[in-house]
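Here the structure comes first, spelled out in structure tokens, and everything after it is commentary.
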Amino acid sequence: MGILKNIFRRAAAVQSLPAGSLTVDRHGAIITCTVSSAYPQSLLATIGHAVVTLLREARTAQMPLSEISLHFGSLHITARELRGGAVIFLLPQTALASTPKTIRP
Amino acid sequence: MNHSHKILLLDDDTDWLALCRDLLSALPSQPELLTTTTAKRALSLLETESVRLLVCDLKMPRMDGLQMLSIVRRRFPDVRTVVLSGMDDEDYRSRAYALGVDLFWPKSEMQRDVNQFNECLESLLGREGETGFRGVQSKSLLDIIQMECLSASSTVLRIQRGPLAAKLWIQEGELTDAEIDGVRGEPALQRILAWKTGSFENLPPEPGRERTIHKSVNALLLESAQTFDEAANLNLTGSADADDSARHQRTMWKLSQLTRESAEFVIAIPPVGQGDPDALGTQNSAEFSQWATHAEKMARELGDRLGAGPLLYISGQGLERKVILMPRGGKIFLTGWPVDADDNMAEKTKKISAAWES
């Protein structure tokens, strides 16, 4: 049985959405993270980089933002500017979910 | 016809779903068929997939079809809905139509006449670009009002066009009041009559409603038709004066929307290569547009990589203002708000963008 498992092992077809928080520095590099270690680090790095870029470009466009939220159909990403970097909250959304829609201070 | 339409089938009976899938695969437009057995999963699919038509059963565990339809009606007003139920009961039929479903079809009749059912679905799928009001396709709002008044009925017509909602009060065949976005009377009526598409429902009459319209229905409709003709002629002549006048009117209309919703600025950014951004209320439209275009592209790509569904909107807050970035109808809308604005900015941005395009 073990042999068969090894031969036919395959990755899960559906990737779960990330839930938790992370802090990133001004370059988007992850400093701390509470998201499950099963979630690909490369995708978390992409999120961190995108958020820091959005905040930096908003500053350049004369529209400095201290907080930004990206609302997708099934995931909310809320980020607060933190000394050039950011603290990022990842909130998966389901149709009837009881998860919070926003982060309150 | 668009071949990428998606139909979502919701029924707790998996055998019936399989049968439906087989029957609907014969539709000439070859739509993509999605199936699910729970309302919860159906709502998730509606969030993440651009579903054109929902075919829904009524009797289901946990959340029944009527509950589901009322949620869909509220959260996804553009999705066409069809009820396919084993309960061919007049009460259920009335309740379903009262919720604004496009079609109620008993399962037994569907099995008897699949071709007719498929024709109805095909017709619903193909109505995207047509004018007319849901329930009375190919009839304008003028026709609907005339029908109500000629029958000397008393009712309140609630008309919905995307996020915009309006009401018309008809009392014993007389049009007595109209309201949209806090505007009442004839100005409101003229604005409502300009709508070419939407959905409407009849609400119980309100005989105590204060009358603000005193002209006869025919006079009002004639005036309105005359205004439309004049506007069409202005467009045909294409003179500089006419263009200026039309542009001025459009700007005033947009400005009034901006003020009504208490927004600071609006920028409507068309797709690259299809014109310049249209901005009101800000001097920094070039910088803001550039940021918005790049932010929308970056967020969309991020959403695709994460499998997080479509980008609904981006909200931001700074010391000076709050902003909402929302892709709608091929354009990107960036709206600015005071820092003390409430949490309804996304809904208000939807209203502004709808008014912008109307």
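Labels below follow one simple rule: chain letters A, B, ... track the order of the sequence lines, proteins then strands, and each chain is numbered from 1.
Side-chain contact between B:L302 and A:I77 is present, with at least one heavy-atom pair separated by less than 4.5 Å. Residues A:H71 and B:L311 form no side-chain contact, since every pair of their non-hydrogen atoms from C-beta on lies 4.5 Å or further apart.
The main-chain N or O of B:Q317 is found under 3.5 Å from a side-chain atom of A:S66 such that the two form a donor-acceptor pair.
Chain B is approached within less than 4.5 Å, heavy atom to heavy atom, by A:Y39 from residues 20-39 of chain A, ordered by number. Within residues 54-62 of chain A, the residues having any heavy atom closer than 4.5 Å to a heavy atom of chain B are A:L54, A:E57, A:A58, A:A61, A:Q62, listed by residue number.
Most heavy-atom pairs under 4.5 Å with chain A, from the set B:H294, B:E287, B:E320, B:Q290: that is B:H294. Taking chain A as the reference chain and counting heavy-atom pairs below 4.5 Å, the highest number among B:A308, B:G309, B:G316 is found for B:A308. The residue among B:P310, B:G336, B:G303 with the most heavy atom pairs within less than 4.5 Å of chain A is B:P310.
The environment of CG in B:D276 is sparse: at most 12 heavy-atom neighbours from other residues, nucleotides or ligands sit within 6.0 Å.
Heavy atoms only, all atoms of each residue included: B:A299 and A:L70 are closest at CB-CD2, 3.8 Å. When all heavy atoms of B:G307 and A:L17 are compared, the pair lying nearest together is O-CD2, 3.8 Å.
The OG1 atom of B:T48 lies 12.5 Å from the CG atom of A:L75; values are rounded to the nearest 0.5 Å. Between A:S16 atom OG and B:L306 atom CG the span is 11.0 Å, to the nearest 0.5 Å. Here the OG atom belonging to A:S69 is positioned 12.5 Å from the CG atom belonging to B:L325, to the nearest 0.5 angstrom. Rounding to the nearest 0.5 Å gives a distance of 10.5 Å between CZ of B:R300 and CZ of A:F72. If you take CE on A:M63 and CH2 on B:W291, they are separated by 4.0 Å, rounding to the nearest 0.5 Å.
In this structure, the portions of B:S315 lying under 4.5 Å from any heavy atom of chain A include both its backbone and its side chain.
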